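Bear in mind that the values here come from a model prediction, so they are computed numbers and not experimental data. Side chains included, hydrogens not; waters and symmetry mates left out as well; all remaining heavy atoms used.
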Amino acid sequence: MALTCFIRYQLDPFQIAAFREYAAHWGHIIPRCGGHLLGYFVPSEGTNDEAWGLIAFDSLAAYEAYRARLRTDPQGRANFERAQRQRFILREQRTFAEVVEGTFQRPALPPHPPLSMASAQPTQDSPGAAA
C-alpha cells in the first residue's frame, strides 16, 4: 500500500462499547468502498479515551475515490449519523503516511535463548577476568 490513513479518535471513555460497534460496522463498509482496512484499535491500558483506525490505499486518487463511494454508501452514512447522534467520538484527526520500504509486515523472528548468569560472568580463562 502506498498510503495509510491513521485516524486518531478522542472518545467519551464511558462509551467505548458504542465505538467498538461503530468500528465493527466499518469492518464491512470500508473494504466494500475500496479501502484496505488494517484495523481499529480501542483503549486497553493507559489512556482510556484514545482509539485508532488504520486504512491503506494504493494512492491519493484511490483515497479520493473511496471517500466519494463512502458518501453514497447507505450503511456508511448510517454509521456516521449514529456516531453524531450518540456523541461517543469527541474529536477525530487524520494523518497520512507512507510506509518505509522493507519495514511493513515483517514477521517476528524466533526469540534468542536468554543468557545465563554463568555465561555472562567472565571466567579466569576469558579476557577481562581478574588477574
Heavy-atom side-chain contact between W26 and I7 under 4.5 Å: no
Note, Y22 side chain near I89 side chain (heavy atom, < 4.5 Å): yes
Listed partners of F41 passing side-chain contact (heavy atoms from CB on, under 4.5 Å), at least two apart: W52, L54
Heavy-atom side-chain contact between Y9 and F88 under 4.5 Å: no
R106 side chain to G102 backbone, donor-acceptor under 3.5 Å: yes
Atom pair CG (D58) and CG (L3), whose distance is rounded to the nearest 0.5 Å: 9.5 Å
F14 side chain near L11 side chain, heavy-atom distance below 4.5 Å: no
Sub-4.5 Å side-chain heavy-atom contact between E21 and R82: yes
Trace of the side-chain contact (heavy atoms from CB on, under 4.5 Å) decision for I30 with Y66: CA-CA 8 Å; I30 290 170; Y66 157 82; 3.4 Å; yes
Donor-acceptor under 3.5 Å (N48 side chain, P13 main chain): no
Validation row: T4, I55 side chains within 4.5 angstrom (heavy atoms): no
Between SG on residue C33 and CD on residue Q75, distance to nearest 0.5 Å: 9.0 Å
Q15 vs Q86 side-chain heavy atoms within contact, under 4.5 Å: yes
All ring-ring contact (aromatic ring centres under 6.0 Å, His included) counterparts of F6, not counting sequence neighbours: none
Pair F96 + Y63: ring centers closer than 6.0 Å: yes
D73 and R32, any side-chain heavy atoms less than 4.5 Å apart: yes
More than 12 heavy atoms from other groups under 6.0 Å of CD on Q93: yes
R8 with E50: basic N within carboxylate O range, under 4.0 Å: yes
